[in-house]
J.: 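Please see the structure below; I have some questions.
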Amino acid sequence: MARKKIALIGAGNIGGTLAHLAALKGLGDVVLFDVVEGVPQGKALDLSQCGPVEGFDAKITGTNDYADIKDADVIIVTAGVARKPGMSRDDLLGINLKVMKAVGEGIKNNAPNAFVICITNPLDAMVWALREFSGLPHNKVVGMAGVLDSARFSHFLAEEFQVSVKEVNSFVLGGHGDTMVPVVQYSTVAGIPIPDLIKQGRSTKERIDAIVQRTRSGGGEIVGLLKTGSAFYAPATSGIAMAEAYLFDQKRLLPCAANLTGQYGVDNLYVGVPVIIGKDGVEQVIEIELDDEAKANLQVSVDAVKELLEACKGIDPSL
Ligand code: TXD
């Protein structure tokens, strides 16, 4: 069987880490694309030289030409500008919208059958715009945010309850922004919902509220520390988990930014919800019962995404 082809659009911090992980995990051959000349080629050469040490044969190449992503099976998009301290995700809108147009056209012309995972911020607007520009079916274009946000939530919960991260299952829904909705009700430690653990006296509502807040500003906390860019290890790991779910038809239930067609009372909008990812891409959107607080929070999040889309349409009338 021929090796799968993974194209990474954007060879920056996340792109490079994605390439490294894809090679280490043997997902297939990797093509790193960037507009900057030399960077994807240099990173590809460096990464290829991990092969003899790690024992992988994956072919890793760098390019500035969209023709080289031809017939890619999976495309992960991180192209654009990352947040700098003091910059909100939405400040990135204008710059990254133009980037999505170029990327969408590159995908449409060269790899229209790919499963496309968008990571570029502001995520919920960029994944929607990328879908519009690429013209691919909605089930084949998905945004990565919820896997990362849930990983952050789970990490903090594991610390709070002093248990292995393996015992923690958590869900973050809604937009990838300050309005995201970490759902306490469905987050568990060894299957026990957090509200029950609070009742048992293992934590308090105040401490969990603080964790929810820390999760919401989890990206900003890292930007503030790094000063020259944003998080990239956990975002790349999260993107790879989604790619694996597709490539290996794992039917994993992952929180992703997916196009809604009436679910959660939302139509024609990309919002973070639990979906099943398998060989057909987004195979199902899972609707879960939310309590009133989570519902209200989700609505705030949906309204924030809607506002971003209106802003996109204002910038690019072709949308
Ligand atoms: O959860 C999430 N979705 C996120 C999103 C978590 C963390 C970071 N998130 C966003 O991912 C972040 O705000 C950025 O929008 C992207 C990529 O983050 P990264 O840290 O990888 O940014 P870099 O290192 O600046 O890399 C971006 C690369 C860089 O090499 C540019 O030259 C390239 O994108 N770039 C382009 N590539 C292709 N085509 C075009 N037009 C282009 N413009 C810039």
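Each ligand, and each atom within it, is numbered from 1 in the order the structure gives. Start at 1 with the first residue, then count along the sequence.
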J.: Do the rings of H138 and Y270 sit parallel, tilted or perpendicular, given the 30° and 60° boundaries?
T.: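 Tilted, since the angle between the ring planes falls between 30° and 60°.
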
J.: Pick whichever of I9, N13, L18 has a heavy atom sitting closest to atom 24 (O) of ligand 1.
T.: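 Minimum heavy-atom distance to atom 24 (O) of ligand 1 goes to N13.
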
J.: Quick check on contacts: which atoms of ligand 1 are under 4.0 angstrom from a heavy atom of S230?
T.: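 Counting atoms of ligand 1 from 1, those under 4.0 Å from S230 are 8 (C).
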
J.: Just going by heavy-atom distances, which of T78, L123, I95 is nearest to atom 16 (C) of ligand 1?
T.: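 Heavy atom nearest to atom 16 (C) of ligand 1 belongs to T78.
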
J.: Where the side chain of N139 meets the backbone of V282, is there a donor-acceptor pair that is under 3.5 Å apart?
T.: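 No, the answer is negative, given that no donor and acceptor are paired below the 3.5 Å cut-off.
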
J.: Below 3.5 Å, N or O to N or O, backbone or side chain included: is there any such pair between A145 and ligand 1?
T.: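 No; the residue has no nitrogen or oxygen that sits under 3.5 Å from a nitrogen or oxygen of the ligand.
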
J.: With respect to atom 11 (O) of ligand 1, which of N64, I14, I222 exhibits the smallest heavy-atom separation?
T.: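 Heavy atom nearest to atom 11 (O) of ligand 1 belongs to I14.
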
J.: Any nitrogen or oxygen of T120, main chain or side chain, under 3.5 Å from a nitrogen or oxygen of ligand 1?
T.: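 No; every N/O pair is 3.5 Å or more apart.
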
J.: Against heavy atoms of N96, which atoms of ligand 1 measure under 4.0 Å?
T.: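 The list of qualifying atoms is 15 (O).
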
J.: Between S217 (side chain only) and G220 (backbone N and O only), is there a donor and an acceptor less than 3.5 Å apart?
T.: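 The answer is no, because no donor-acceptor pair under 3.5 Å joins these two groups.
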
J.: Does an N or O from M144, backbone or side chain, lie closer than 3.5 Å to an N or O of ligand 1?
T.: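 N/O-N/O distance below 3.5 Å exists for this pair.
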
J.: Look at K295 together with D291 and state whether they make a salt bridge at an N to O cut-off of under 4.0 Å.
T.: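 No, K295 and D291 are not salt-bridged.
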
J.: Polar contacts were defined as any N/O atom of the residue lying under 3.5 Å from an N/O atom of the ligand; does this apply to L148 and ligand 1?
T.: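 No, there is no polar N/O contact under 3.5 Å.
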
J.: Are K5 and D71 within salt-bridge range, i.e. N to O under 4.0 Å?
T.: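 No salt bridge links K5 with D71.
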
J.: Taking a cutoff of less than 4.0 Å between a non-hydrogen atom of the residue and any ligand atom, is G80 in contact with ligand 1?
T.: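 Under 4.0 Å: yes for G80.
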
J.: My understanding is that we take every heavy atom of each candidate and find the minimum distance to atom 10 (C) of ligand 1. Doing that for D124, V127, T228, I119, which one comes out nearest?
T.: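 Among D124, V127, T228, I119, the closest heavy atom to atom 10 (C) of ligand 1 comes from I119.
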
J.: Are there more than 12 heavy atoms of other residues, nucleotides or ligands under 6.0 Å from atom CD of E307?
T.: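 Not buried by this count: 12 neighbours or fewer within 6.0 Å.
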
J.: For V36, counting its heavy atoms only, list the atoms of ligand 1 lying under 4.0 Å from any of them.
T.: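 In order of numbering, the contacting atoms are 32 (O).
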
J.: Say whether V81 and ligand 1 are in contact under the criterion: heavy-atom distance to a ligand atom below 4.0 Å.
T.: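 The answer is yes: ligand 1 sits under 4.0 Å from a heavy atom of V81.
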
J.: In terms of side-chain geometry, is the basic nitrogen of K108 or E105 positioned less than 4.0 Å from the acidic oxygen of its partner?
T.: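 Salt bridge absent between K108 and E105.
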
J.: Can you give me the closest heavy-atom contact between R152 and A231, atom names plus distance?
T.: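 For R152 versus A231, the nearest heavy atoms are NH2-CB, 3.4 Å.
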
J.: Is a donor on one side and an acceptor on the other found under 3.5 Å between the side chain of E287 and the backbone of Y264?
T.: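 Pair found, side chain donor or acceptor close to backbone of Y264.
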
J.: Do D249 and K251 sit within salt-bridge range, that is, some charged N less than 4.0 Å from a carboxylate O?
T.: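 Counted as a salt bridge, because a side-chain N and a carboxylate O are separated by less than 4.0 Å.
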
J.: Which of the atoms of ligand 1 are close to F33, meaning less than 4.0 Å from one of its heavy atoms?
T.: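 Selected atoms, number and element: 38 (C), 39 (N).
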
J.: Determine, considering heavy atoms only, which of G219, G10, G12, A231 sits nearest to atom 26 (O) of ligand 1.
T.: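 Considering heavy atoms of G219, G10, G12, A231, the nearest to atom 26 (O) of ligand 1 sits in G12.
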
J.: Go through ligand 1 atom by atom and flag the ones less than 4.0 Å from a non-hydrogen atom of P235.
T.: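 Once the distances to P235 are compared, the set is 6 (C), 7 (C).
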
J.: Return a yes/no value for V99: is any of its N or O atoms, backbone included, closer than 3.5 angstrom to an N or O of ligand 1?
T.: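 In fact, backbone or side chain, V99 has no N or O that close.
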
J.: Flag the pair D29 and R3 as a salt bridge only when some basic side-chain nitrogen lies within less than 4.0 angstrom of an acidic carboxylate oxygen.
T.: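 Salt bridge flag = yes for R3 with D29.
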
J.: Is the shortest N/O to N/O distance between Y66 and ligand 1 below 3.5 Å?
T.: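 There is no such contact.
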
J.: Side chain, backbone, both or neither: which part of A102 has a heavy atom under 4.0 Å from ligand 1?
T.: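 Near ligand 1, A102 shows nothing, with every heavy atom at 4.0 Å or more.
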
J.: Using heavy-atom distances only, which candidate in M126, M100, H176 approaches atom 1 (O) of ligand 1 most closely?
T.: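 Nearest heavy atom to atom 1 (O) of ligand 1 lies in H176.
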
J.: If you count heavy atoms of other groups shown closer than 6.0 angstrom to CD of Q213, is the number above 12?
T.: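 Enclosed.
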
